[in-house]
Amino acid sequence: MTIRFQCWLLYAFLALLPAILPVSAQAQEPREYKASGGASPSAWPTAPVRAAKGMVVSDERLASEAGVEILKQGGNAVDAAVAVAFALAVVEPEAGNIGGGGFMLIRLANGQAKFVDYREVAPASASRDMYAETDDQASSEASVIGYRSVGVPGTVAGLALALRTYGTMKLPEVMAPAIELALQGFPVSDRLSELLSESAGVLGRFAISRQIFLKKGANYEPGEILRQPELAATLRRIAKNGPTEFYRGQTAHDLAKEIQREGGLITLEDLERYQPKIRDPLTASYKINGHDWDVISSPPPSSGGIATIEALNILAPIQLKSWNDPESVHWVIETMRRVFADRAAYLADPDFASIPLRGLASHCYADALRKTIDPSSAATSRQIRAGNPAAYEKSDSSSAGCPQVAGQRIPIGNDSAAERALAEAARGGHTTHFSVVDAAGNAVANTYTLNDNFGSGVTTMDGFLLNDEMDDFTTHPGSPNMFGLIQSEANTVGPGKRPLSSMMPTILLRDGKLSFVTGSPGGPRIISATLLSILNWMRLGMDAQAAINAPRFHQQWLPDEVLLEPGFPDAVARNLENRGYPVNPQRMWIGQVETIGIDPQTGERLGAPDPRRNGFAAGY
Ligand code: DON
């Protein structure tokens with residue numbers, strides 16, 4: 001059978017999928033929930049989707065189905081993940097992408113685990129103070145809107161590298177569903193329609209964004225078909241020519257020319273120079289209720305993996321009961337406060353900064369931080385500063401004694417910075433996570449992003465949106481970024497540097513076997529949402545869907561406030577206030593965790609989509 005004929009068969013099958021799948025026992029009924037807090041948790045699924053062989057859970061039904069189709073054709077989890085990523089670039093344009101970057105964590109059934117870092121990098125002419133030089137309106141938005149906010153995209157190179165190294169199929173095969181979805185179009189969901197309307201102001205400033213995503217001025221209504229022929233043509237060229245197309249070929253030339261013409265920084269040389277990296281993931285082990293757990297997570301330039309290991313270490317001896325128990329919530333909030341203070345001080349691109357990773361992951365360091373937590377009342381973020389992990393670089397859990405180290409204080413910016421943080425922390429943004437497990441037990445957790453919803457707002461002449469990832473650098477040293485995060489000097493802009501990220505695809509093993517595949521969008525809330533999903537599964541023993549549905553909470557050191565979800569118990573919220581916590585009165589959804597658990601008894605894949613948005617699990 002020729003590839004062309006196989007592709008045709010796949011298209012035909014995909015076209016029939018909507019008719020076939022609703023009756024399948026292994027795919028959930030389509031549901032849609034609004035991001036803005038209107039969703040009723042009473043309608044959320046109470047059980048995961050079970051399947052014997054393979055499972056894909058992503059934000060979008062069409063992408064999950066495309067991934068499962070690849071698995072059914074005999075592709076492995078990496079083949080399916082690459083198919084899902086390209087499909088999301090079409091059907092979830094606010095976050096799925098080829099003009100951004102991300103992280104793919106792969107754990108093969110043979111035990112090998114690797115992390116594909118395809119984070120964007122700063123162009124060669126970028127410099128530390130490029131956004132801070134003037135503080136007029138144009139400059140203050142330059143890191144979030146328009147051509148100067150764009151980092152050199154890594155997605156195409158990263159996906160191609162993952163496929164070439166760990167996959168079994170070829171790009172044209174795994175990209176076929178995405179090309180078809182871009183060409184034929186797909187019905188706009190309630191959520192996409194709402195997001196397009198919310199972002200119309202920014203999208204409307206760029207001619208091609210206006211033409212493709214705003215129909216030259218009118219909003220896409222739910223159910224209308226969104227076709228993206230320019231994107232389909234670009235995807236076709238990438239499928240045919242490989243990643244070279246994006247970094248050296250016609251697409252690269254078009255992109256560099258357009259960016260240069262419009263005052264951006266990226267050149268053809270920046271594109272040619274881009275390299276994704278295969279890194280070793282971070283790992284940590286815990287013994288819980290007689291089981292051995294391994295946490296495999298994202299290394300820097302992600303801050304999330306190390307923050308989570310630090311948090312799990314602090315919480316290790318604490319008896320967590322449930323999120324109806326104020327004391328358990330209190331311990332987690334104080335832990336979050338401390339790991340976020342360390343994030344602000346120490347985390348950055350590991351190829352440019354020396355990061356005290358061993359110290360941050362040390363049990364001795366966790367013991368020292370735990371001792372700073374008052375079990376009954378809230379600390380303030382003015383008291384709690386970053387710790388001194390460097391002093392624990394040589395200690396580990398087997399050390400006879402832990403070193404005695406005095407605390408360290410780092411500058412946290414002035415009051416106006418804290419106020420700006422409060423105002424900006426509520427701003428939206430979007431990223432997307434998906435999880436895949438195949439029949440052999442290979443697993444992929446992938447989170448990738450354009451940073452803001454629809455990234456920089458710019459759609460290129462080749463039909464894809466560009467990221468605004470430059471805002472993840474410390475653009476104004478001492479001031480918070482759009483998520484209210486204070487960041488370190490080590491994370492200032494520099495040529496070829498990767499901006500610090502919170503994205504943290506993570507995989508858990510239980511007694512040496514695959515157990516949980518997880519991750520989330522949400523800016524800094526990624527870390528809290530993913531950490532909570534891990535605690536729910538590993539420490540509290542929740543079922544996979546319960547681990548996703550459980551109400552979430554968030555504290556990120558600065559601003560000094562606690563965020564709660566709409567379903568968070570009121571009695572616990574009042575208790576937190578009595579302990580001295582400033583609780584943000586506005587309830588909001590935190591993260592969008594698309595997860596797969598493994599039933600330890602049957603080995604079944606348990607697809608647990610997040611009902612806060614459009615999460616969709618499809619298995620077979
Ligand atoms: O890499 C990061 O941490 C951010 N660019 C992610 C942004 C994000 O998750 C926005 N989403 N809700």
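Both counts, for ligands and for their atoms, begin at 1 and track the order of listing. Heavy atoms only: backbone and side chains are in, while hydrogens, waters and symmetry mates are out.
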Trainee: Taking non-hydrogen atoms only, is Asp472 closer than 4.0 angstrom to ligand 1 via side chain, backbone, both or neither?
Mentor: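 The part of Asp472 near ligand 1 is the side chain, not the backbone.
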
Trainee: Taking only residues two or more places apart in sequence or in another chain, which ones pass side chain to side chain donor-acceptor pair (under 3.5 Å) with Thr267?
Mentor: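 Counting only residues at least two positions away or on another chain, Thr267 forms a side chain to side chain donor-acceptor pair (under 3.5 Å) with Glu269, Asp270.
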
Trainee: According to the interplanar angle, ranging from 0 to 90°, do the rings of Tyr274 and Tyr247 count as parallel (below 30°), tilted (30 to 60°) or perpendicular (above 60°)?
Mentor: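 Answer is parallel, since the angle falls under 30°.
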
Trainee: Given Glu258 and Thr460, is the side chain to side chain donor-acceptor pair (under 3.5 Å) satisfied, shown in steps?
Mentor: CA-CA 8 Å; Glu258 179 176 335; Thr460 69; 4.9 Å; no

Trainee: Can you confirm, on distance only, whether ligand 1 has an N/O atom lying under 3.5 Å from any N/O atom belonging to Leu500?
Mentor: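 No: no nitrogen or oxygen of Leu500 is under 3.5 Å from one in ligand 1.
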
Trainee: Going by the order shown, which atoms of ligand 1 are within less than 4.0 Å of some heavy atom of Met503?
Mentor: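 Result: 1 (O), 3 (O).
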
Trainee: Would you mind telling me if ligand 1 is within reach of the side chain of Glu469, the backbone, both or neither, using heavy atoms under 4.0 Å?
Mentor: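 Only the side chain of Glu469 comes within reach of ligand 1.
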
Trainee: For Ser143 and Asp471, which I'm curious about, is there any donor-acceptor pair between the side chains at under 3.5 Å?
Mentor: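 On atom types as modelled, these side chains qualify, holding a pair under 3.5 Å.
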
Trainee: Keeping to residues at least two apart or across chains, list the salt bridge (Lys or Arg N to Asp or Glu O under 4.0 Å) pairs with something in residues 295-309.
Mentor: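 The answer is none; no pair qualifies.
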
Trainee: For ligand 1, is there an N or O atom under 3.5 Å from any N or O atom of Asn451?
Mentor: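 N/O-N/O distance below 3.5 Å exists for this pair.
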
Trainee: Check each atom of ligand 1 against the heavy atoms of Ser502 and keep those under 4.0 Å away; list them by number with element.
Mentor: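 What qualifies from ligand 1 is 1 (O), 2 (C), 3 (O).
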
Trainee: So, the side chain of Glu120 versus the backbone of Gly154: is there a donor-acceptor pair under 3.5 Å, distance only?
Mentor: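 Such a contact is absent between Glu120 side chain and Gly154 backbone.
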
Trainee: Using a 4.0 Å cutoff against the non-hydrogen atoms of Arg119, which atoms of ligand 1 qualify?
Mentor: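 Listed by number with element, the hits are 1 (O).
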
Trainee: Any N or O on Ile526 sitting closer than 3.5 Å to an N or O of ligand 1?
Mentor: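 In fact, backbone or side chain, Ile526 has no N or O that close.
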
